[in-house]
Chemist: 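Mind having a look at this structure? Questions to follow.
Computed from a prediction, not measured in an experiment: that's the story for all the values here. Lettering follows sequence order; numbering is per chain, from 1.
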Amino acid sequence: MSGHGLVLRNICKKFGSTNVIRNLSLNVIPGEFLTLLGPSGCGKSTLLRIIAGLELQDEGSIAIGGREVDGLRPKLRDVAMVFQSYALYPHMSVAKNLAIPLLMRRLCAWQRIPVFGALLPGTASRKSEIIEEVARVAKSIGISHLLDRKPRQLSGGQRQRVAVGRAMVRHPAVFLMDEPLSNLDAKLRVQMRAEIKELHQRLGVTFIYVTHDQVEAMTLSDRVAVMLDGELVQVAPPQEIYANPHDRRVAEFVGSPKINMIDVNVCGGRLAEIGGQVLPSELTIGQGTLTVGIRPEAFHLASSGEPNSISAAVRLVEHMGSDLFLHLDLTGVPDPIIARLPAASGHIAPGNRLHLRIRTEQLLLFSENGQRLKQQASVTPLREYAR
Amino acid sequence: MKHCRLSFRTLGRHGFLAITTAFVIVPFIWMVSLSLKPPEEIFQASFSLLPQSWHATQNYIRAMTASPLPRFMLNGVFICAVIVVFQILICAPIAYALAKLRFPGRHVFFNLVLVSLLIPSQVLALPLFILAYQLGLLNTYAALVFPFVVSPLGIFLFRQFFNTISDDIVHAARLDGMSEFTIVWRIMLPMAVPALIAFSIFSVVGHWNDLFWPLIAVRSQELMPPPLGLMAFKNEDTGIDYGPLMAGSTIVVAPLVLVFLLAQRWFIEGLTSGGIK
């Protein structure tokens, strides 16, 4: 089984006077795991519902597997969806919940009528076929023992599995998942994350996964589509999104702890200075300010007096087990910055002064309007530069 | 100190509730008590709840035989059942549309439903009578049923309950391939069982006890629901004979009390989660 590709062209959606989605185009490759990542309210769930046919776009078109589906009802689009609230039918058993998509597709309206339908030719054989299929899906996701229960008798993780099972049972070409893990506790979330990844590898169909959790996006996806204010800001593989963000907002949204953003002056088109360390770069802007983004792990310890190191006062130390998160005050920088150092960096206490160097190849430069400046920045000591 | 005041308040509250409850329940007890007494005891000056000489068997036999009371009861069951089934068939899809579908004017429609909740049924009696006359329905079962098949109360109750059901469920159902009507019957209504029971009780009690409209709509005794039958029964046969009359009233009321006691839990749940508190 292989999934269908999906093409979104110039999708626009308004609720009243607010633009929820602005002229969005996206190409999803068959079999891909694509995550729509964005803060709540950025329109990602709306986009998912538009793909499913539960909302109608104001403009633009959608094609699934090369077939335009704009006028088609959700049922006919060959997509299945897993909801954040699971949306299981509370009055039906797990088995019935799983069987519903098949019953609705394979039995005609007459055959679905209770009692009377059972008397019609073909009903019984199709029903037993469906029961078998439900049992097979239930077994493959480990919920066989739950088939007789009602959803309210299940734990969060079990409900989640049933919801996935209900989506799986009719072999859709595209899986849509709307924050399926956000109602689970942290431990279960990690486990279910792995299960979803495995499911994708096993089924090989196209997954479109909506989340505001960057860890989910980074760990699960083939590509991440970062969505902000109804627009796609960047669509790229996770490591690319992290290392090479095109926009200041992407850099700020992805990465935990958050990237440090420091406004610096460009003097004569060449120089910028952070805490005494000077960044020459081949910039085209003559005068003005730009923003330097430094990932917390771009810092490393230096010995005191080492040339080109910056001095910082420790405000706060957070022990994360494998790492230390240091909140630091830098002279000339208004907000505290966060550095991530290996836990074996020695004893560091609040109030200490540290000497740090910055791995300059990891610096990200952004113009005032948030655009990434592609010039390679490298740090050379002022003295060397002056020579 | 605080504890004392609290218990005093509790006492006061219970006292007030007991008195108001007594207003409601004393006539019932009086009715049952009278139905057990012989005629000479009914107008005795001294008051006693239980009769000195039991006359229950005679009264109840008289009530069942002197008039076609079983027939009236069957009429009542039939009329109430038809009304409640039609009401649900019509109100549930309307309520679903008002709660879950987005279409222009749905707020206006809902406000119209609210307004029609305020109209007393007596106001509509004359137009309905003329309508029934024009349609040739007078003095038939249909006349007793047709004014009630669309119930604003039912639409309101179901709409409030459906509103509490998450949109995700509706979306899931659409993706699973259900039509809008299938969603109403297979998903929404089964989830709204408490509201369904509460509404059914309202409806059945209301129409079982209704005297006003049947009085206007039917004349022949074969069609009469219980209250109208009891009234006819009083005029023609027993005159001032209160014992059998009270026995008849007790028989008429008994099924309602029984059903309510059985369904009480759902009744309260249906009303409270339906939005009226």
Side-chain angles (χ1 to χ4, degrees), chain A residues 15-16 45-46 48-56 72-93 96-109 112-114 150-152 162-163 166-167 169-170 172 174-180 183, chain B residues 85 88-89 92-93 95-97 99-108 157-158 160-200 263 265-267 269-270 272-274:
Chain A
F15 285 134
S45 289
T46 307
L48 204 67
R49 285 204 293 273
I50 287 175
I51 295 171
L54 298 168
E55 301 263 4
L56 289 181
L72 293 183
R73 286 190 291 136
K75 175 190 177 179
L76 303 170
R77 294 193 178 194
D78 204 11
V79 298
M81 191 154 165
V82 178
F83 295 86
Q84 183 180 353
S85 60
Y86 315 134
L88 301 176
Y89 309 126
H91 56 292
M92 296 181 188
S93 67
K96 194 81 194 284
N97 264 286
L98 294 178
I100 278 284
L102 297 179
L103 288 173
M104 285 298 149
R105 279 176 170 71
R106 302 213 186 139
L107 297 186
C108 68
R112 290 200 301 265
I113 296 172
K150 292 275 171 69
R152 67 169 175 276
V162 177
R166 187 175 62 179
V169 77
R170 58 188 166 90
V174 179
F175 260 82
L176 306 175
M177 297 197 159
D178 190 3
E179 311 217 9
N183 283 351
Chain B
V85 166
I88 290 165
L89 283 178
Y96 171 74
K100 292 292 174 202
L101 304 182
R102 270 181 279 157
F103 55 92
R106 73 174 180 141
H107 294 294
V108 177
L157 268 182
F158 285 138
Q160 296 303 87
F161 203 95
F162 291 167
N163 244 3
T164 64
I165 296 175
S166 136
D167 281 350
D168 281 354
I169 296 257
V170 179
H171 288 163
R174 285 188 193 142
L175 278 164
D176 282 347
M178 293 192 199
S179 69
E180 299 300 304
F181 276 106
T182 315
I183 293 175
V184 175
W185 305 125
R186 295 193 75 132
I187 307 294
M188 301 305 264
L189 213 54
M191 284 178 77
V193 165
L196 188 72
I197 290 175
F199 172 68
S200 303
R265 189 166 64 84
W266 292 293
F267 185 66
E269 193 186 327
T272 46
S273 60

Chemist: Is B:R186 close to chain A through its backbone or its side chain, or both, or neither, when contacts mean heavy atoms under 4.5 Å?
Modeler: both
Chemist: Closest heavy-atom contact between A:S85 and B:D168?
Modeler: OG-OD2, 2.8 Å
Chemist: At their closest point, which heavy atom of B:M191 faces which heavy atom of A:P90, and how far apart are they?
Modeler: CE-CG, 3.3 Å
Chemist: Could you have a look at A:R77, A:Q84, A:R166, A:R73 and say which one has the most heavy-atom pairs with chain B under 4.5 angstrom?
Modeler: A:R166
Chemist: Heavy-atom count check: over 12 atoms from other residues, nucleotides or ligands less than 6.0 Å from B:F181 CZ?
Modeler: no
Chemist: For A:L88, is it the side chain, the backbone, both, or neither that has a heavy atom closer than 4.5 Å to a heavy atom of chain B?
Modeler: backbone
Chemist: Any chance you could lay out the side chain to side chain contact (heavy atoms under 4.5 Å, CB included) test for A:E55 and B:R102, step after step, and finish with the verdict?
Modeler: CA-CA 11 Å; A:E55 301 263 4; B:R102 270 181 279 157; 3.5 Å; yes
Chemist: What verdict does the side chain to side chain contact (heavy atoms under 4.5 Å, CB included) test give for A:R49 and B:H171, after you've listed the backbone C-alpha separation in whole Å, the side-chain angles of each residue and the deciding distance to 0.1 Å?
Modeler: CA-CA 9 Å; A:R49 285 204 293 273; B:H171 288 163; 3.6 Å; yes
Chemist: What side-chain donor-acceptor pairs closer than 3.5 Å can you find for residues 96-104 of chain A, not counting sequence neighbours?
Modeler:
residue	atom	partner	partner atom	Å
A:N97	OD1	A:Y89	N	2.8
A:N97	ND2	A:Y89	O	3.1
A:N97	ND2	A:M92	O	3.1
A:N97	ND2	A:S93	O	3.2

Chemist: Where on A:V79 is there a heavy atom nearer than 4.5 Å to chain B: the side chain, the backbone, both, or neither?
Modeler: both
Chemist: Main chain of B:L189, side chain of A:H91: is a donor-acceptor contact present, judged purely on distance under 3.5 Å?
Modeler: no
Chemist: Could you state the interatomic distance from CZ (A:F83) to CD1 (B:I169), rounded to the nearest 0.5 Å?
Modeler: 9.0 Å
Chemist: Roughly how far, to the nearest 0.5 Å, is CG of A:L176 from CG of B:L175?
Modeler: 7.5 Å
Chemist: Compare every heavy atom of A:L54 with every heavy atom of B:R174, then report the nearest pair and how far apart it is.
Modeler: CB-CD2, 4.1 Å
